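Note sheet for the following structure.
From a predicted model like this one, the values you see are computed outputs, not experimental measurements. All chains are named by letter (A, B, ...) in the order of the sequence lines, taking the proteins before the strands, and each is independently numbered beginning at 1.
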Amino acid sequence: MAETALPKGYEPHDVEARWREHWESEHTFTPDPKAPGEPYSIVIPPPNVTGALHMGHALNLTIIDLLCRHARQKGKNVLWIPGEDHAGIATQNVVERQLAKEGTSRHKLGREKFLERVWKWREDYGNRIVSQIKAMGASVDWTRERFTMDEGLSRAVRRCFVDLYRKGYIYRGKYIINWCSRCHTALADDEVEHQPVKGHLWHIRYDLEDGSGSIVIATTRPETILGDSGVCVHPDDERYKGMVGKNVIIPVVNRKAPLFADKYVDREFGTGALKVTPCHDPNDWMLGHRYKLEFIQCIDEDGVMNENAGPYKGMTKEACREKIVADLEAEGRLVKVEDLDHGVGHCYRCKTVVEPHVSEQWFVATSKLAPMARDAVPSKTQIFPDNWEKIYYNWLDNMRDWCISRQIWWGHRIPAWTCQQCGELIVEEEAPHACPKCGSADLKQEDDVLDTWFSSALWPFSTMGWPDKTPELKKYYPTSILVTGFDILFFWVARMMMMGLFNMNQVPFHHVYLHALVRDAEGKKMSKSSGNVIDPLVMIDKYGTDALRFTLTAFAAMGRDIRLSEDRIEGYRHFVNKVWNASRFALMNLGDEAPAPVAPAQVKSLHNRWLLHRLEELKDEVDQAIESYRFNDAAQALYKFLWNEFCDWYLELIKPDMREDADPAAKAESQYVLWLALREFLILMHPIMPFMTAEIWKALPEPADLAEPDLARVLYPAARPECRQPEDAARMIFIQGAIGAVRTIRAELNIAPSYKLTVLFRPADQAQAALLEQNRTVITTLARLGEMMVDTAGEAPKASASHVVEGCEVIVHLSGAVDFQAELARLEKELGKIAKELGGLTAKLANQNFVSRAPAEIVKREQDRVAELTDAKEKLTNLQARFKAIM
RNA sequence: GGGCGGUUAGCUCAGUUGGUAGAGCGUCGGCCUUACAAGCCGAAUGCCAGGUGUUCAAGUCACCUACUGCCCACCA
């Protein structure tokens with residue numbers, strides 16, 4: 001397979017394109033539900049058709065993809081369903097804007113023509129998001145791609161609606177809802193964003209009907225006075241005790257209305273007297289019903305004052321406010337104007353101020369569905385990180401019924417018809433031909449469509465073919481895990497829970513992983529308006545997908561927001577490059593065929609035994625990190641292994657073995673371990689960096705019985721417990737320490753790297769002596785020694801620099817050219833460090849409580865450390881004295 | 001008003017059962033050592049926001065304070 005060596009530089013674009021095409025044409029990620037293997041399934045959080053890929057998607061796709069690829073490696077039967085959301089209001093708005101540019105509008109086009117335009121839009125732009133998902137390397141099954149408005153899903157929506165309706169979970173009624181006068185539709189409570197607005201609090205005097213006085217109310221919205229039908233005070237408010245039960249005269253309109261008392265009123269706020277406008281405030285709506293007040297609507301659907309506004313009719317609500325305040329002032333009723341910062345609801349799609357508005361709408365009685373969704377957590381569905389549980393509960397416990405009708409055209413039209421003859425309401429999955437009550441064929445379908453989240457709520461099972469009984473549902477439902485941003489916990493996750501339980505009688509997923517929001521370097525939310533967006537596609541273009549994916553994974557610590565900046569991606573691109581170059585080096589030193597295996601027990605050299613040991617640890621570490629959703633730990637473990645161990649040490653350590661004149665047995669052994677380590681590293685790295693690892697894999701020689709050219713199909717490497725040799729790891733640390741000691745001396749005394757040093761090692765014991773002898777070549781090479789002596793009784797020359805490593809004295813011979821003062825300073829510094837640590841430890845061990853209460857192994861460890869430090873101190877002091885003698 | 005999080009090296013952040021701290025970028029010194037200068041070798045830098053408590057031992061657990069984000073909520 002290794003017919004071509006890897007090119008010198010990694011070219012992400014070509015490599016990525018090739019693998020993407022390969023995986024798609026080979027249907028690598030299309031699973032068979034009838035195949036064995038424990039099911040592992042995930043549905044994509046469907047991006048809006050109108051949208052473009054942003055960093056949030058990139059993070060989401062990276063995490064899901066790494067989970068899926070990892071699950072495949074563990075032999076699971078993995079299904080990841082892709083798709084897009086029709087995003088009702090958002091999409092309709094975009095298309096309407098386009099129409100406006102063309103000088104037309106949806107009303108001019110009519111419903112049918114308008115919908116054609118939206119579908120055309122979906123055709124043009126739905127592909128864009130799809131190609132962007134592909135660019136991320138997402139291992140989704142494109143043969144099962146779904147769209148929330150496709151025929152199958154529309155059928156699921158109708159079925160669910162009818163079921164809910166027949167069981168009494170859906171009702172229609174006149175209620176006060178949130179109304180966006182720009183989008184011209186109702187909004188659900190959570191589609192309203194509250195933003196602080198600098199407003200005013202107007203204090204206005206209302207006269208009592210009997211002429212006995214007046215009461216001053218405070219309001220932020222004087223224009224709604226026209227719809228007032230009462231004034232309310234707190235029952236215990238002494239100021240108004242005598243007035244309760246009388247009538248007031250509403251100014252401007254001169255209407256009589258009751259003054260009543262209810263505990264709802266906050267005595268501290270304003271004047272403690274509240275004007276009640278049942279049609280234009282949700283709380284007043286509630287009071288209006290409780291006290292059977294008049295319901296007077298004075299603002300229409302466009303935000304314009306209507307006939308109930310008398311002289312103000314035809315004004316916008318803003319204009320009306322100004323006029324009415326002026327009029328009240330002229331009448332002397334305006335007592336005071338205060339500045340007031342308060343939260344005002346805005347449409348989450350177009351940012352228009354949302355108006356409470358009374359109209360006929362459809363609702364889901366979520367209050368009846370919420371308890372089961374609540375009870376399923378955490379027993380059936382577990383949320384990660386679990387602090388979101390509380391927030392989930394809190395939301396479900398306080399949820400009001402869900403307004404699901406929208407007065408727009410793009411969406412699932414509500415499957416309800418009204419008989420124009422007898423008024424009968426018919427709710428059916430398919431269009432009825434005649435009224436079941438009177439037989440008339442004159443039926444009119446509901447104009448409204450359903451809230452986008454209604455279809456999204458069915459996504460985990462509608463994508464699998466529900467309401468049909470499909471093999472997919474049987475195998476893959478409930479899904480294994482839902483991965484999404486916490487910002488849609490309520491919008492989406494909670495509703496899927498309710499709908500999954502209602503329709504399937506089972507939770508939609510076993511786990512929910514809520515990942516962070518990606519913010520900019522300053523911690524601000526990325527948005528087009530702030531101009532701080534880092535476009536993942538631009539990053540992919542500049543640094544490659546693998547670099548972006550690795551960066552996102554490395555920053556995906558649970559429960560924290562990610563602050564992303566470009567130089568971090570650039571930084572990790574260096575790592576991608578490092579992997580590439582290390583692989584090139586390995587391939588250069590491997591033949592065209594896979595090296596012959598060497599049994600673990602037969603592996604002789606320390607560096608090979610050490611690396612095999614570390615490889616075992618790494619396999620465990622990465623596996624456990626991914627399974628417990630600690631993605632950053634997985635990335636970090638791989639990073640450190642590859643760079644700080646494999647590259648910085650191992651590749652250097654085997655260089656002597658790879659020389660022409662090296663011992664053939666040693667060379668064969670190192671080639672095998674090198675091959676094995678790279679091979680398994682690539683597998684472990686693949687879920688995070690799919691493209692590059694696949695490319696290197698293809699070039700890696702494989703024995704015939706293992707040959708699998710596509711890394712995406714390779715299983716996770718099995719453990720080799722016999723390779724776990726902690727003693728070898730300890731030995732390696734000693735060798736590294738010995739080499740490091742020489743390097744430090746060289747650097748700090750400013751000795752040229754090319755100068756071959758003469759070094760005497762005075763080992764602490766026989767074992768160390770043997771270890772040093774066995775690794776003579778390695779030490780000589782890496783420390784760049786001319787002569788290396790190992791002698792317990794060796795005589796240190798006076799002109800020498802020294803260091804102690806685990807009791808072994810490292811004595812570097814110095815020639816006359818070096819800076820003796822520098823060595824003296826170095827020794828002083830070293831002894832200072834030792835003294836400081838020793839001081840702390842001695843005090844600790846002198847503490848009886850510590851010695852008696854701490855676990856024996858901890859005490860032992862500290863005692864050993866003291867012994868080692870004392871020894872090092874003594875040796876260094878002696879060497880220092882010797883050294884001083886020549887100065 | 002309620003809830004959740006953050007405060008660790010110059011900057012941005014890691015740190016799962018409590019045992020005196022790590023990475024990336026940046027800084028300083030030295031290297032073109034035949035995989036990689038997007039690199040190599042070495043170095044510096046932290047009373048882990050402040051306080052109290054639990055403990056032999058606290059960045060890690062509990063409580064309090066300060067600052068700082070975010071979410072929810074019907075104060076007009």
From the candidates B:G42, B:G19, B:A14, the one with an atom nearest any side-chain atom of A:A854 is B:G19

Could you go through residues 572-580 of chain A and list every donor-acceptor pair under 3.5 Å that involves a side-chain atom there, pairing it with any protein atom two or more places apart or in another chain?
residue, atom, partner, partner atom, Å
A:N577, OD1, A:N581, ND2, 3.2
A:W580, NE1, A:P7, O, 3.0
A:W580, NE1, A:K8, O, 3.4

Testing B:C72, B:G42, B:U33 for proximity to the side chain of A:R784, the answer is B:U33

Across all chains, not counting sequence neighbours, the side chain to side chain donor-acceptor pair (under 3.5 Å) partners of A:R290 are A:D262

Per nearest nucleotide of RNA chain B, the residue lying toward the 5' end, A:N849 or A:G840, is A:G840

Checking B:C40, B:A23, B:C72 against the side chain of A:K578 (C-beta onward), the nearest is B:C40

Residues 832-845 of chain A vs side-chain hydrogen bond (donor to acceptor under 3.5 Å, both in side chains), sequence neighbours excluded, gives A:E837-A:R865, A:K844-A:E862

Each base of RNA chain B marked ( ) or [ ] if paired in-strand (Watson-Crick or G-U under 3.5 Å), | if paired to another strand and . if unpaired gives (((((((..((((.....[..)))).(((((.......))))).....(((((..]....))))))))))))....

### Query
Going by an N to O cut-off under 4.0 Å, is there a salt bridge joining A:E355 and A:R221?
yes

Which of B:G15, B:A38, B:U16 is nearest the side chain of A:N632? It is B:G15

Please work out if A:E748 contacts a base, only the sugar-phosphate, or nothing of the nucleic acid, heavy-atom cut-off 4.0 Å. sugar-phosphate

> Given side chains that start at C-beta, do those of A:S229 and A:T277 come closer than 4.5 Å, heavy atoms only?
Replying inline: no

Checking B:C36, B:C41, B:G39 against the side chain of A:R743 (C-beta onward), the nearest is B:C41

Heavy-atom contacts, protein to nucleotides 25-32 of chain B, under 4.0 Å, summarised as B (base), S (sugar-phosphate only) or - (none) per nt, yield S-------

Protein-nucleotides 73-76 of chain B N/O pairs under 3.5 Å:
residue, atom, partner, partner atom, Å
B:C74, O4', A:N283, OD1, 3.3
B:C74, O4', A:N283, ND2, 3.4
B:C74, O2', A:Y264, OH, 3.4
B:C74, O2', A:N283, ND2, 2.8
B:C74, N1, A:N283, OD1, 3.2
B:C74, O2, A:N283, OD1, 3.4
B:C75, O2, A:D266, OD2, 2.0
B:C75, N3, A:D266, OD2, 2.8
B:A76, N6, A:D266, O, 2.9
B:A76, N6, A:F269, O, 3.1
B:A76, N1, A:D266, N, 3.4

